[in-house]
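When reading the values below, keep in mind they use all heavy atoms of this one structure, side chains included, and skip hydrogens, waters and symmetry mates.
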Amino acid sequence: MMAKLKVAGTWVGVVEVELEKWTVSMLRAEIARRSNTTPDSISLISAGRVLKDGEGSEKLSQLGIKNNSKVLSSRVNADQKKELLAEEERSSRLARIKAAATALAQRHADGSLPLEDFNIEFEDQSGKKVNLGSETDQRAVMMGLMFHTKGKQLIRKQKYKDALEVLEMSEEAFSLCNPQVIEMIDNVPILQIDMAWCYFMLRDISSISMAGVRLQKAREGIEQAHGKDYSRIRLLQGGHPEIALHLRLELLEGVVAYHTGQFEDSRKALTSAQSKFLQLQVPDEALSVVVSMGFKERDAKRALRMNNQDVGAAVDFLVKERAKRKQKQEEDRRRHREIMEKKSYGVTPMKKAVDLERLNELVSIGYEKVLAAEALRRNENDTQKALDDLTNPDINAIMQQYIESRKRKRQRNAENEVVEKLVAMGFERSRVVEVVQTDRTVEQAMQTLLSQTTLDSSSVSHAAATSSQPTTSENIPGPSSSSDDLGAPNEDPFNLRDVEMEDEIAYDLAQVDAFSDYDINVTKEGEAIEEYLVLLASKGSTCSEYKPQ
């Protein structure tokens with residue numbers, strides 16, 4: 001059935017379309033033809049929104065366009081087109097960040113078995129694992145930390161507008177958490193400083209009052225977390241790690257005071273910030289001494305800045321940090337092994353992982369590990385109910401039968417996987433199936449097949465060429481690599497996971513350590529301090545000098 005669309009703008013008239021068949025690109029092409037121009041120079045708007053091509057499969061009816069709908073067409077030049085595409089890409093990326101962080105937090109905060117081979121957990125500043133409040137609180141804090149980490153990455157790339165939007169997501173996530181939990185961490189006050197820093201770098205004078213509110217919250221939160229004399233953080237971390245963060249805070253307070261006419265307060269804040277800036281300048285001699293001991297220049301600068309330029313203290317700091325990194329690597333490997341072990345046991349009816357601590361308790365009193373894990377899995381990690389099943393001969397026998405059945409199924413799946421790989425290389429399926437019964441790895445089976453003389457020359461050539469690519473030479477995968485009825489965590493049935501963005505967020509989190517928030521390159525801060533001290537000296541300046549870029 002044909003529908004009529006009323007078009008105005010670059011071309012005025014009525015276009016007849018089939019709403020159930022036409023796409024935006026088809027409509028754009030038709031209007032471009034009638035306008036004697038190219039489709040990529042036409043922008044279409046209907047009902048107050050820009051019509052986008054999307055995946056190219058969405059029909060006009062799916063976009064809410066009806067018979068007699070009005071469409072405004074306008075021409076865009078190449079620069080405008082680039083800006084529109086850049087804005088679309090930017091919006092899409094921000095949406096991906098939000099969706100990926102939300103999905104990761106949901107999976108890693110509720111005790112579910114992770115789809116990945118890693119787990120995201122909370123650590124305090126000493127690197128110890130901690131639990132923060134309820135499951136809801138943990139999910140909110142986790143989302144807040146993910147957004148904050150990504151926002152700081154964007155700040156380092158000087159993408160302040162994008163950073164601000166992501167930091168606002170972080171603030172929203174933290175707001176969902178119990179205030180008593182938030183008071184236990186200094187991430188939220190640091191977030192307030194980062195947001196005010198984005199206002200400053202964007203030269204956004206309209207946000208000056210909001211910046212003042214954020215900085216007040218930041219100072220109150222940091223004093224509560226660090227102590228008014230910084231004693232708490234210095235006791236926890238050693239040295240003077242907080243100086244750069246407080247420098248940025250005082251600079252921003254000075255800027256806000258200046259633009260609200262509080263010149264004396266501005267001078268005090270900026271003078272204090274300048275003193276901290278000078279304190280953070282690393283002498284070449286001290287840097288040379290630390291680098292000569294085998295440390296990287298960046299690490300040496302960081303250590304000297306955080307230890308008041310004391311070479312001995314900086315070296316001690318670096319040695320301790322190296323030991324912490326090694327310990328963390330070992331801990332990460334241990335956690336990875338635990339995750340893979342959990343995956344080998346499958347998930348409970350509520351999609352939770354088997355509790356390894358409770359499993360070890362059952363093993364310690366004499367039960368076989370795989371059988372004890374099955375008992376816990378069936379009973380939602382209830383130790384008493386698991387014991388009841390283990391001591392019940394009938395249920396015990398059923399569990400053993402299930403374990404054996406699952407083992408055979410996984411073995412068949414693994415064998416089928418090897419068969420399919422070899423068949424894809426050009427080997428005859430019937431011979432592959434026969435060989436795989438004894439040679440369980442791709443590499444072993446392939447060598448056996450190649451040694452046989454019955455392969456025709458084209459098959460040998462193809463297999464030889466393919467075999468130069470990396471192949472799996474390990475034993476047939478164990479339970480963790482297969483997915484049976486109860487054994488694997490639920491994948492998204494529509495495959496909507498943004499694995500690339502989730503991995504990016506997880507990688508960013510892995511780069512963070514206890515000092516990341518305090519490790520600030522203060523070059524821009526030093527330039528801003530000088531700029532505003534000059535403005536104060538002139539005293540003829542007004543707020544109008546602070547213009548948006």
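- With sequence neighbours left out, the salt bridge (charged side-chain N to carboxylate O under 4.0 Å, His left out) criterion links R214 to E171.
- Remark: R93 engages E504 in a salt bridge (charged side-chain N to carboxylate O under 4.0 Å, His left out) (not counting sequence neighbours).
- Qualifying salt bridge (charged side-chain N to carboxylate O under 4.0 Å, His left out) partners for R322, counting only residues two or more places apart in sequence or in other chains: none.
- Within the structure, the salt bridge (Lys or Arg N to Asp or Glu O under 4.0 Å) test picks out the following pairs touching residues 362-372 (sequence neighbours left out): E341-K369.
- Partner of D194 under the salt bridge (charged side-chain N to carboxylate O under 4.0 Å, His left out) criterion, out of R248, K150, K152: R248 alone.
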Distance-only donor-acceptor pairs under 3.5 Å for side chains of residues 263-270, two or more places apart:
{"unit_1": "E264", "atom_1": "OE1", "unit_2": "R267", "atom_2": "NH1", "d": "3.0"}
{"unit_1": "S266", "atom_1": "OG", "unit_2": "G254", "atom_2": "O", "d": "2.8"}

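- In this structure a side-chain-to-backbone donor-acceptor pair under 3.5 Å is missing from S288 to D284.
- Ion pairing of E165 with K161 is absent here, as no side-chain N (NZ or NE/NH1/NH2) approaches a carboxylate O to less than 4.0 Å.
- The backbone N or O of D382 lies less than 3.5 Å from no partner atom in the side chain of N379, so there is not a single donor-acceptor pair.
- A donor-acceptor pair is defined here as one N or O able to donate and one able to accept, closer than 3.5 Å; such a pair exists between the side chain of E380 and the backbone of M350.
- Judged purely by atom type and a 3.5 angstrom limit, N308 has no side-chain atom pairing as donor or acceptor with the backbone of D310.
- Residues satisfying the side-chain hydrogen bond (donor to acceptor under 3.5 Å, both in side chains) test with S134, not counting sequence neighbours, are D137.
- Under the side-chain hydrogen bond (donor to acceptor under 3.5 Å, both in side chains) criterion, S516 pairs with D513, sequence neighbours left out.
- H148 and N187 form no side-chain donor-acceptor contact under 3.5 Å, judged by distance and modelled atom types alone.
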Show me the donor-acceptor pairs, under 3.5 Å and distance only, between side chains in residues 153-160 and residues at least two apart or in other chains.
{"unit_1": "Q153", "atom_1": "NE2", "unit_2": "D508", "atom_2": "OD1", "d": "3.4"}

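- Scored by the side-chain hydrogen bond (donor to acceptor under 3.5 Å, both in side chains) test, E220 finds Q216 as partners (sequence neighbours excluded).
- The side-chain hydrogen bond (donor to acceptor under 3.5 Å, both in side chains) search around D519 returns R298, R302, R305, not counting sequence neighbours.
- Taking the salt bridge (charged side-chain N to carboxylate O under 4.0 Å, His left out) definition, one finds that R334 meets it with E331, E338, sequence neighbours left out.
- Note: Y532 and H259 meet the aromatic proximity criterion, with ring centroids under 6.0 Å apart.
- With a 6.0 Å radius and a threshold of 12 heavy atoms from other residues, nucleotides or ligands, Q511 has its CD atom above the threshold.
- A distance-only check finds no donor-acceptor pair linking the side chain of D498 to the backbone of A100 [under 3.5 Å].
- Here S209 pairs with nothing under the side chain to side chain contact (heavy atoms under 4.5 Å, CB included) rule; sequence neighbours left out.
- Between the side chain of E525 and the main chain of F277, no donor-acceptor pair closer than 3.5 Å is present.
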